[in-house]
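So that the names make sense, note that chain A is the first sequence line, chain B the second, and so on, each numbered from 1.
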Number of protein chains: 2
Amino acid sequence: MQSLNDQDEKSAVGTAVSCSGIEAFLAKHKIKPTRQRVAIATHMFEKEQHLSADTILERVNNDAGTTSVSKATVYNTLKLFVKQGILKEVALDPQRILFDTNVSDHHHVLNLDNGDIRDIEPVKINLQDIEGINQNLNVSGVDLIIRVRDSEPD
Amino acid sequence: MQSLNDQDEKSAVGTAVSCSGIEAFLAKHKIKPTRQRVAIATHMFEKEQHLSADTILERVNNDAGTTSVSKATVYNTLKLFVKQGILKEVALDPQRILFDTNVSDHHHVLNLDNGDIRDIEPVKINLQDIEGINQNLNVSGVDLIIRVRDSEPD
DNA sequence: ATGTCTGCAAAAAATTTGCAGTCCC
DNA sequence: GGGACTGCAAATTTTTTGCAGACAT
């Protein structure tokens, strides 16, 4: 249950962003809140979640309450959101690129049996632990995906 | 410097697969060694490496010594190799899906400054260390990518 | 000749680009 | 009205599918 790491705006931003606060939320991140962007953001930030570009397109266009948008706009907008730091792009596996509303440093546990994706605390990576690595390097990011199954291996 | 974990065939299979041994190598993994597959495998297993489908296509078709192949065949063949366990598909980042000749359990260190990809030993993940997780789950796979830079952050 | 398998052209899906129309000043 | 920006049609790129031909009985 992580917040968007936004200090002010405590009522509008909880685990997600309330509909009325979306415009301010976008504006605060230097994103002009156009109709299309608000529509996409409304669905994306409805709650803490991991969605594909396709799912977002579907949800936006099936919701009579928001403008409908083209696929290109969904891609361009999600990429803009990533650039502005309100979304994170995650390659859950080679066939599944998702956009994650949790932009804090964290990792994922993917349940292969039911498809659930669970966010977990970042692990501490010590380059010292990796043999033979150049110690002058500095870590700029760590992606960790743990695939699990419910039942025991047979 | 990891081998392909193949016991017999010690001369043909070192860190890579020698050209002459390719057909036997494919056959051993229940892959009929057709001209196209041999061409693709020759370039892929030339040495321990991480290549995109596109790079493989280019290399195969620029090599007068091997049959040229269509893009579809490259995709289908690489997928077949993954299914048969002689390649691993790695989502290095959302924009870069690579095929890795190292199929043993391992992780990656990606140097963002020079593009180098380095294989490292698998980390031991203890579900006990992850708070709030259902302990009846069992881990079926762990992907870890560490992004590093040469110089210190400014 | 018949059933299985291969390679690839064509189709489909995913992503990017270029530009017509808007929005500010 | 002019520079900057937006959304999307069209182009491009990536991936999948379907089927004509090859191959092994």
*For A:L78 and D:dT6, what is the distance between atoms CG and P respectively, to the nearest whole Å?*
15 Å
*With sugar-phosphate meaning primed atoms plus P, OP1 and OP2, does A:T34 contact a base, only sugar-phosphate, or nothing at under 4.0 Å between heavy atoms?*
sugar-phosphate
*Would you say D:dC8 has OP1 or OP2 under 4.0 Å from some side-chain N or O of A:S70?*
yes
*Considering heavy-atom distances to DNA chain D, does B:Y75 or A:A72 have its closest nucleotide positioned more toward the 5' end?*
A:A72
*With the side chain of A:D54 defined as its heavy atoms from C-beta on, choose the nearest nucleotide among D:dT16, C:dT16, C:dA14.*
C:dA14
*Can a donor-acceptor pair be found between the side chains of B:D100 and B:H108 at a distance below 3.5 Å?*
yes
*For B:K32 and D:dT25, what is the distance between atoms NZ and C1' respectively, to the nearest whole Å?*
12 Å
*Start at the 5' end of DNA chain D and walk down; is the nucleotide closest to B:K71 or to A:T67 reached first?*
A:T67
_Nearest-nucleotide 5' precedence on DNA chain C, B:P94 against B:T77_ = B:T77
_Rounded interatomic separation in angstrom, taking CG from B:D93 and C1' from C:dT15_ = 15 Å
*Spacing of B:I31 atom CD1 relative to C:dG7 atom C1', expressed in whole Å*: 16 Å
*Could you verify whether a donor N or O on one side chain and an acceptor N or O on the other, from B:D150 and A:N136, lie under 3.5 Å apart?*
no
*For the residue pair B:F45 and B:F25, categorise the inter-ring angle as parallel (less than 30°), tilted (30 to 60°) or perpendicular (more than 60°).*
perpendicular
*Figure out the CG/P separation between B:N76 and D:dG18, and round it to whole Å.*
12 Å
*Ignoring hydrogens and angles, state whether a donor on the side chain of B:T101 or B:E48 is under 3.5 Å from an acceptor on the partner side chain.*
yes
*Is the distance from OP1 or OP2 of C:dG7 to the nearest side-chain N or O of B:R37 less than 4.0 Å?*
yes
*Do B:R147 and B:D93 have side-chain heavy atoms sitting under 4.5 Å apart?*
yes
*Starting at CD of A:Q36 and ending at P of C:dC23, how long is that distance when rounded to a whole Å?*
11 Å
_Integer-rounded Å distance: C:dA9 C1' and B:L57 CG_ = 15 Å
*Measure the distance from CD1 on A:I97 to P on C:dT16 and round it to the nearest whole Å.*
11 Å
